[in-house]
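Here the structure is laid out as structure tokens; the discussion comes afterwards.
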Amino acid sequence: MYSLIETVKAHDLEPYRYLRHVFKELPRAQSLEEIEQLLPWHVDKEQINNGWAKKVDGV
């Protein structure tokens, strides 16, 4: 888990937001390719880091 968090930080992602995204999307993944798209170097950094603020502010 520590290695994952450090990798997330190295890719300029906010760890809590990234993990929240992964835990939400992982159950929907049906193939290896879909799972690989959840890795820190494949996710949309803007969606993870900025998308959260829009949802929180928009509540």
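No experiment lies behind these values; they were computed from the predicted model shown. When reading the values below, keep in mind they use all heavy atoms of this one structure, side chains included, and skip hydrogens, waters and symmetry mates.
- Rounding to the nearest 0.5 angstrom, the gap separating the CG atom in N50 from the CZ atom in R17 is 8.0 Å.
- Between H42 atom NE2 and E33 atom CD the span is 10.5 Å, to the nearest 0.5 Å.
- Across every non-hydrogen atom of L38 and V43, the tightest pair is O-CG1, 3.6 Å.
- Side-chain contact between Q47 and H21 is present, with heavy atoms from C-beta onward closer than 4.5 Å.
- With sequence neighbours left out, the salt bridge (charged side-chain N to carboxylate O under 4.0 Å, His left out) criterion links E6 to K9.
- Atom NZ in K45 sits 9.0 Å away from atom NE2 in H11 (nearest 0.5 Å).
- Without hydrogens or angle criteria, N49 side chain to D12 main chain gives a donor-acceptor distance under 3.5 Å.
- Taking a 4.5 Å side-chain heavy-atom cut-off between Ile, Leu, Val, Met, Phe, Trp and Tyr, the cluster of W41 extends to L39.
- Among residues two or more places apart in sequence or in another chain, the side chain to side chain contact (heavy atoms under 4.5 Å, CB included) test is passed with L4 by M1, V8, Y18, L19, P40.
- Closest approach of E34 to R28, counting heavy atoms only: OE1-O, 3.9 Å.
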